[in-house]
Amino acid sequence: MNKCEIITIANQKGGVGKTTTAVNLSASLAFKGKKVLLVDVDPQSNATTSLGVHRDEIEFYLYHVLTGSKRISQIIRKVSIDNLFLAPSNIGLVGFEKEYYNKKIQGREEILKKRISEIRSEYDFIILDSPPALGPLTINALTASDSVLIPIQCEFFALEGLAQLLSTIKLLKEQINPNLHIKGFLPTMYASQNNLAKQVLYDLTQHFDGYMFKDSNKQNLIIPRSVKLAESPSFGKPILLYDTRSNGNIAYQNLAELILQQGA
Ligand SMILES: Nc1ncnc2c1ncn2[C@@H]1O[C@H](COP(=O)(O)OP(=O)(O)OP(=O)(O)O)[C@@H](O)[C@H]1O
Ligand SMILES: [Mg+2]
């Protein structure tokens with residue numbers, strides 16, 4: 001039986017906390033003893049850098065896997081947390097998008113899914129960080145996934161674009177990946193003293209209460225705005241190696257715990 005769960009972190013809006021969530025959720029699940037692979041599906045390669053892997057160190061990365069010159073097992077590397085592995089990215093991954101549009105290859109939405117299927121059974125979780133666009137890379141990530149976790153920054157315009165994302169997910173579910181479901185909406189960078197943030201959270205719960213992550217007290221799980229979370233990537237570390245006691249670390253540990261409970 002294949003117990004691995006594949007989760008894409010997606011929102012075509014930029015800078016909403018996708019990479020921060022992908023990195024820290026992966027690290028938290030690994031810390032709890034699960035074997036986790038983080039796949040960096042973004043040419044910006046922020047997830048790769050956030051785990052302390054420098055761009056110039058990488059010879060082969062996701063581009064080579066998607067274009068067939070390397071197997072995914074040949075690019076996967078261990079990082080500084082036990083049980084956590086990374087399939088890195090680099091800016092050259094943009095080349096895949098160009099080729100994708102040029103060659104109308106059949107089944108081109110399923111390339112990443114096929115590559116991941118070679119190693120899927122070796123992991124408990126595979127987390128995919130996606131770029132801020134609903135282009136070929138995000139479509140490949142969603143096609144390869146069992147579920148999608150959507151970080152939402154608690155600011156004005158937060159809900160803009162959400163309808164488009166939800167309709168893309170619905171379409172993919174109908175046409176390519178019937179298993180795809182929404183894991184949950186994750187409010188990020190929440191500042192409790194900010195009235196606008198409160199309003200956005202309120203609107204979210206009014207319209208999408210069923211999609212919110214709830215803790216054991218039925219409270220919405222949110223990721224607080226945290227300087228430590230913003231600083232940790234510059235040290236090439238997930239928050240749990242940078243500041244264990246920060247509320248950002250606690251929030252991502254809670255998210256990992258909820259996801260483990262949901263799976264049970
Ligand atoms: N909870 C938080 N508190 C404070 N800063 C945060 C938090 N989450 C993310 N950030 C910071 O906000 C910025 C954007 O976050 P991140 O890179 O995770 O977003 P993204 O959605 O992956 O962006 P992109 O769309 O460009 O890929 C980064 O500088 C990050 O360090
Ligand atoms: Mg990102």
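For ligands, and for the atoms within them, numbers begin at 1 and follow the listed sequence.
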Return the residue, atom name and 0.1 Å-rounded distance of the protein heavy atom closest to [atom].
| atom | result |
| --- | --- |
| atom 1 (N) of ligand 1 | P224 O, 2.9 Å |
| atom 31 (O) of ligand 1 | A230 CA, 3.4 Å |
| atom 24 (P) of ligand 1 | G15 N, 3.5 Å |
| atom 7 (C) of ligand 1 | M189 CG, 3.5 Å |
| atom 30 (C) of ligand 1 | T20 OG1, 3.8 Å |
| atom 19 (O) of ligand 1 | G17 N, 3.0 Å |

**Message:** Taking only non-hydrogen atoms of G248, do any sit less than 4.0 angstrom from ligand 1?
**Reply:**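 False for this residue.
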**Asked** Does A47 have a non-hydrogen atom less than 4.0 Å from ligand 1?
**Response**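 No heavy atom of A47 comes that close to ligand 1.
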Give the atom numbers and elements of ligand 1 that come within less than 4.0 Å of a heavy atom of [X].
| X | result |
| --- | --- |
| S226 | 2 (C), 3 (N), 4 (C), 5 (N) |
| L229 | 1 (N), 2 (C) |
| G14 | 25 (O) |
| I223 | 1 (N) |
| V16 | 19 (O), 20 (P), 21 (O) |

**Message:** Protein heavy atoms near atom 13 (C) of ligand 1, is at least one of them under 4.0 angstrom away?
**Reply:**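 Neighbour list for atom 13 (C) of ligand 1 is empty of protein heavy atoms (cut-off 4.0 Å).
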**Asked** Heavy-atom distance from atom 4 (C) of ligand 1 to the protein below 4.0 Å?
**Response**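 Looking at atom 4 (C) of ligand 1, one finds that a protein heavy atom does lie closer than 4.0 Å.
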**Item:** Greater than 12 external heavy atoms within 6.0 Å of Y190's OH
**Value:**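 Counting neighbours around OH of Y190, more than 12 heavy atoms of other residues, nucleotides or ligands fall under 6.0 Å, so yes.
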**Prompt:** Within a reach of under 6.0 Å around CZ of F208, are more than 12 heavy atoms found that belong to other residues, nucleotides or ligands?
**Reply:**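 Atom CZ in F208 is packed in, count exceeds 12.
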**Asked** Of the options I150, I9, I259, which is the one that meets K183 in a side chain to side chain contact (heavy atoms under 4.5 Å, CB included)?
**Response**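 For K183, the side chain to side chain contact (heavy atoms under 4.5 Å, CB included) check succeeds only for I259.
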**Message:** What I want to check is whether the side chains of D129 and T19 have a donor and an acceptor closer together than 3.5 Å.
**Reply:**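 Checked: D129/T19 side chains pair up, N/O donor to acceptor below 3.5 Å.
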**Prompt:** Going by atom types only, do Q44 and D42 share a side-chain donor-acceptor pair under 3.5 Å?
**Reply:**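 The answer is yes; a qualifying pair exists.
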Indicate yes or no: does [X] engage [Y] in a salt bridge with an N to O separation below 4.0 Å.
| X | Y | answer |
| --- | --- | --- |
| E57 | R77 | yes |
| R225 | E155 | yes |
| D209 | K214 | yes |

**Nearest candidate to atom 22 (O) of ligand 1, where distance is taken over non-hydrogen atoms, out of T188, T19, D42, D129** =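 It is T19 whose heavy atom sits nearest to atom 22 (O) of ligand 1.
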**Message:** My understanding is that we take every heavy atom of each candidate and find the minimum distance to atom 21 (O) of ligand 1. Doing that for K18, Q44, K228, E231, which one comes out nearest?
**Reply:**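 The nearest heavy atom belongs to K18.
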Minimum side-chain heavy-atom gap [X]-[Y] below 4.5 Å:
| X | Y | value |
| --- | --- | --- |
| T48 | S89 | yes |
| T168 | I139 | yes |
| P131 | T138 | yes |

**Prompt:** Counting backbone and side chain alike, does T19 bring an N/O/S atom below 2.8 Å of the Mg ion (ligand 2)?
**Reply:**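 It does; at least one qualifying atom falls short of 2.8 Å.
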